[in-house]
Amino acid sequence: MNGRGGGRGGSNNGGNRNWKDQQKRGGSNNGGNGAAGGPQKRPRNGTGNDGGDNDDDFGEEFLELEDQIAAELAADLPPEEYEQLNASSTETINEDTKLSWRRPSVPPLDVKNESLTLQWLDVDMTVGKRLEKNPAGGRVPGAPSGLVPILRFYGVSPVGNSVAVFVHGFTPYLYASCPASFMGSEASFRKAMNDRLLADRQRGGNRGGGGAAGTESNDLCLGASIETDKRSILGYVADPNQTFYKIYVATPNLVPTVKRVLEDGLEVPGFGRLHGVLTFESNVPFVLRFMIDKDITGAGWLECPKGTYRVRGEREKESHCQIEADIVYESLEGHRPEGQWSKLAPLRILSTDIECQGRKGHFPEAEKDPVIQIANCLTVQGEREPIVQNVLTLRGCLPIVGAQVLTHEKEEDLLLSWRAFVQEADPDILTGYNIANFDLPYLLRRADTLVKRAPKLKVFKELGRLRRTLATMKDTTFQSSAYGKRENVETTVHGRVVFDLLPYMFRNHKLSSYSLNSVSAEFLGQQKEDVHHSIISDLQNGTDEDRRRLAVYCIKDALLPWKLMEKLSVLVNYVEMARVTGVPMAFLLTRGQQIKVFSMLLRKCRQSALLIPNLPKNRQDEGTYEGATVIEPKKAFYQDPIATLDFASLYPSIMQAFNLCYSTLLSREEKQALPPSSYITTPSQESFVKPSVRKGILPLILDELLAARKRAKRDMAAATDPMEKAVQNGRQLALKISANSVYGFTGATVGQLPCIPIASSVTSYGRDLLYQTKAFVEEHYTIEKGCSANAEVVYGDTDSVMVRFGVPTVEEAMPLAERAAEEVTKIFPPPIKLEFEKVYFPYLLMNKKRYAGLLWTRPDKYDKLDTKGLETVRRDNCLLVRRVIDTCLRKILIDRDVPGAIGYCKHVIAELLQNKMDISLLVITKALGKSADESGYAAKQAHVELAMRMKKR
DNA sequence: CATACACCCTAG
DNA sequence: TTAGCTAGGGTGTATG
């Protein structure tokens, strides 16, 4: 009997706050809020509240209500009532059905002689009572009293059992500069800091009250040591003599408090007053801190070695996982993702889609409109077909081939059936299309609405792996230059990764439409079942046959996201990205590019005893710097071959070649003290020491990334198993992207560790290399030197030059370009490399960043028509414009019929100008399948567009 | 009607 | 609290 062990929930459920919740709500709003506590008012401080918070208060109040409901249900529901509700919530489903959803049963585990291994995907943190006994023997580190942080890793064993590992005893810490005169101040410092933290907690009001009132600790600053073997990564300093405090605190939320205290000022009796002290690594998420220190990567394999862990019995389990274990952090081991540990566990993926019965002309509202169907597609990573496909319906529904149909008369039973399904199927990943912003929040809100009349729904929101813990949601705004401003609902389902495919598509593919329909058409060549949303209500109110039609549609919508994931190797690629960069997989979904580089940097620094400063945000460093160069284009229609020479990974190779790094950067004063032969000066007049003096961390990271990429590409080529091939491809892709984002990290002025001298040096070298390349080619490929014509660089952008060698055929251009690339490579330091990849023939160069041409990689046949920057590749042009321009380009480049293209344009314009507008509209409307409105706009735009173009000719 | 500027989206 | 970078074409709108 699985997952039904009565008893009470875990002993420390009462006052606990989930880590993700803490980050969301309390966070670090100016004060050390208590580690644990009941619902708390969200701070409304006027400062720094620039994030578009100017709408009404509804969202805010709603969230507070959310908090209260969550707290009430998670903590205050009497255990007996909870157990009773929990048990009765699945009784509408028969045992055989449940069995068909379930994970494989757990083989016997001999904890003394067998290790416990899992591939983990999700992690969170809680605070709870200190573990009493270390299963491995020895002590349990951490605060002697009060609440301590506990990390919970969730994953899957090699045979497919779900596992939760509770990791105890890891203590948060940070570093801070320690003046030389404070040597020997450890004990005094610790006491002063501890007193200050206690006073702070007092002053902040007894917010940590709640269930934890009696367990509050007086040990907040647990220890301080002085370390002399470390250096700041920022700047090369020949004679460092740097000393640092390493400060341990009881809970992670004290780290920012300590930082603030050190900045504001702290009297250390017997030594003096500290103030304006710079802290180091005080901005590292606690979970990441742990992973880095234990050398654990995201989505990797963990091992609890034999004899070091304890498996919890059914009655003491806090989760629904099949296996739940306790271990002290020192015993836990992370495996490098190599050999057998590069494989993927049989992870379970649940793709879900819901249908709601909205009122005509209204978007469904959870407060009013019922959920009528929930379709599910459950798959196991590595298997070709889903293991379960089902649909849960409200009211009757005819059978569907290949899918279970479970019908319900009451909506609350439908919801509870789904909850039972989720708990039995126990997926590691929840996916779907827009589930994070629509389906999941809708279900949660719907349950909140219905719970008043159907109290048994009190347990519905327990969809995660923690008992008596409800899924939560929160509105977030994520803003970045890369992704724009995006408003999101962040849904937390404890222990499962919510992997919504819509944001994935937004982030990874530039498309003109992101509807599931067009995305499926694009990547799967497959359309949705077409049921217009306006008829959903009618179908629901119709016959069993009507509802069947709706269900088929619903199932398809659950199936397609999974098919997309498979087709695009989404999971494999994300797992590899998590492994390469070392961040938890959820970070890849909810955070930006910076955290990945930051993670790699922290890891490498640890090996080199370097510390990363947490610099004050308000430094008015010159925010902007000069970027790449674009060679003035010689605009023309070239009817002879134009060869393209590209630098391979230009910016990473510059950083490697010139040893550009935080740790090699010389200040003006340091430079005076060094012989000129020991450093270089970049074209932007910054100086960096040579690798012989000190090898930079960033170049080191890049060396390793690119070496690993070579291996991955080799392994990919050698692999026979398609899964293995996909893994290696995902890895080489991840490695390439990671290498390319290092430069961006240094130039990110609002980031963890911006360094404009590095970024501007990189671009200045880039500009130099490009100009040198142009000069070399134009100097060495001349009639004077035996060529048939003088070579001419007609265009170039950032890392490429377009060369006209003056030969008439692609076949003749290729060896010349090949040779030129080799010769240019020789004039630059390794690993900078110029490559020849393609020839354009013919080539239409319209302007900077706007050109088109037939692309050749072999002499016998062109590969495709390649277009850059023109209307055809821009998503802000209507389809008609794109189509007309595309036709023109084809006429010009493929047919080489310029008069024909002009004639065609004239024809289109004439049609639009003369009173045939309505006829054109009709034709266009039909051709595009769009509304007349849109086509009208299209026609207008096309008219203007083409008229302009004709004027230019 | 010229100019400046915000905005969008792309190149790399 | 959190967010890779700059260069640059083209459109639309405000302003004198």
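Given the structure is predicted, the values throughout are model-derived calculations rather than measurements. Just so you know, these numbers use all the heavy atoms, side chains as well, and skip hydrogens, waters and symmetry mates. In what follows, every chain begins at residue 1, and chains take the letters A, B, ... in the order their sequences are listed.
Between the A:T887 side chain and the A:R883 main chain, a donor and an acceptor come within less than 3.5 Å of each other. Side-chain atoms of A:T773 come within 3.5 Å of backbone atoms of A:L769 as a donor-acceptor pair (strictly under, hydrogens ignored).
Annotation: side chain to side chain contact (heavy atoms under 4.5 Å, CB included) contacts of A:S684 (sequence neighbours excluded): A:T682, A:E686, A:S760, A:S761, A:S764. For A:A748, the side chain to side chain contact (heavy atoms under 4.5 Å, CB included) partners two or more places apart in sequence, or in a different chain, are A:Q594. With sequence neighbours excluded, the residues that form a side chain to side chain contact (heavy atoms under 4.5 Å, CB included) with A:P831 are A:S653, A:Q656, A:A657. Taking A:E281 as the reference, A:Y175, A:V284, A:R289, A:L602, A:L611, A:I612 meet the side chain to side chain contact (heavy atoms under 4.5 Å, CB included) condition, with sequence neighbours excluded.
Each of A:V630 and A:I595 has a nearest nucleotide on DNA chain C; the 5'-most of these lies closest to A:I595. Between A:G627 and A:V750, the residue whose closest nucleotide on DNA chain C is further toward the 5' end is A:V750.
Residue A:R591 places at least one side-chain N or O closer than 4.0 Å to OP1 or OP2 of C:dA3. Checking the phosphate oxygens (OP1, OP2) of B:dC8, no side-chain nitrogen or oxygen of A:R874 falls inside 4.0 Å. OP1 or OP2 of C:dG10 sits under 4.0 Å from a side-chain N or O of A:N847.
Here the side chain of A:A748 is nearest to one of B:dG12, C:dG10, C:dG4, namely C:dG4. For A:Q594, the side-chain atoms get nearest to C:dG4 when compared with the rest of C:dG4, B:dA11, C:dA7.
Nucleic acid contact class of A:V742 (heavy atoms, under 4.0 Å, all strands): none. Among the protein residues, A:Y851 comes within range of the sugar-phosphate backbone only, with heavy atoms under 4.0 Å from sugar or phosphate atoms but none that close to a base. Nucleic acid contact class of A:K849 (heavy atoms, under 4.0 Å, all strands): base. Heavy atoms of A:A628 sit under 4.0 angstrom from primed sugar atoms or phosphate atoms, though from no base atom. Nucleic acid contact for A:G747: sugar-phosphate only, since backbone atoms but no base atoms lie under 4.0 Å from a heavy atom of the residue. Among the atoms of the strands shown, only primed sugar atoms or phosphate atoms (P, OP1, OP2) are found under 4.0 Å from some heavy atom of A:R875.
If you take CD of A:E871 and P of B:dT10, they are 12 Å apart, rounded to a whole angstrom. Atoms CG (A:N740) and P (C:dG4) sit 15 Å apart, rounded to a whole Å. When the P atom of C:dG10 is taken as reference, atom CD1 of A:I885 falls 11 Å away, rounded to whole Å. Atom CG in A:L753 sits about 16 Å away from atom C1' in C:dT2, given to the nearest Å. Across the protein-nucleic acid pair, A:L601 atom CG and C:dG4 atom P stand 15 Å apart, rounded to whole Å. When the P atom of C:dT6 is taken as reference, atom OH of A:Y743 falls 6 Å away, rounded to whole Å.
Across C:dG4 and B:dG12, the matching P atoms stand 23 Å from one another, rounded to whole Å.
Within the 4.5 Å cutoff, the side chain of A:E490 has no heavy atoms near those of the A:V498 side chain.
Atom CG of A:L855 and atom CD of A:E837 lie 9.5 Å apart (nearest 0.5 Å).
Within 6.0 Å of the NZ atom in A:K848, the count of heavy atoms belonging to other residues, nucleotides or ligands exceeds 12.
Taking five base pairs at each end of the helix from B:dC1-C:dG16 to B:dG12-C:dC5 and finding the rotation axis that steps the C1' atoms of four pairs onto the next four gives two axes whose angle is 10°, to the nearest 10°.
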Dump the pairs, protein N or O against N or O of nucleotides 3-5 of chain B, anything under 3.5 Å, distances to one decimal.
none

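Between A:Y504 and A:Y574, the distance separating the two ring centers is shorter than 6.0 angstrom.
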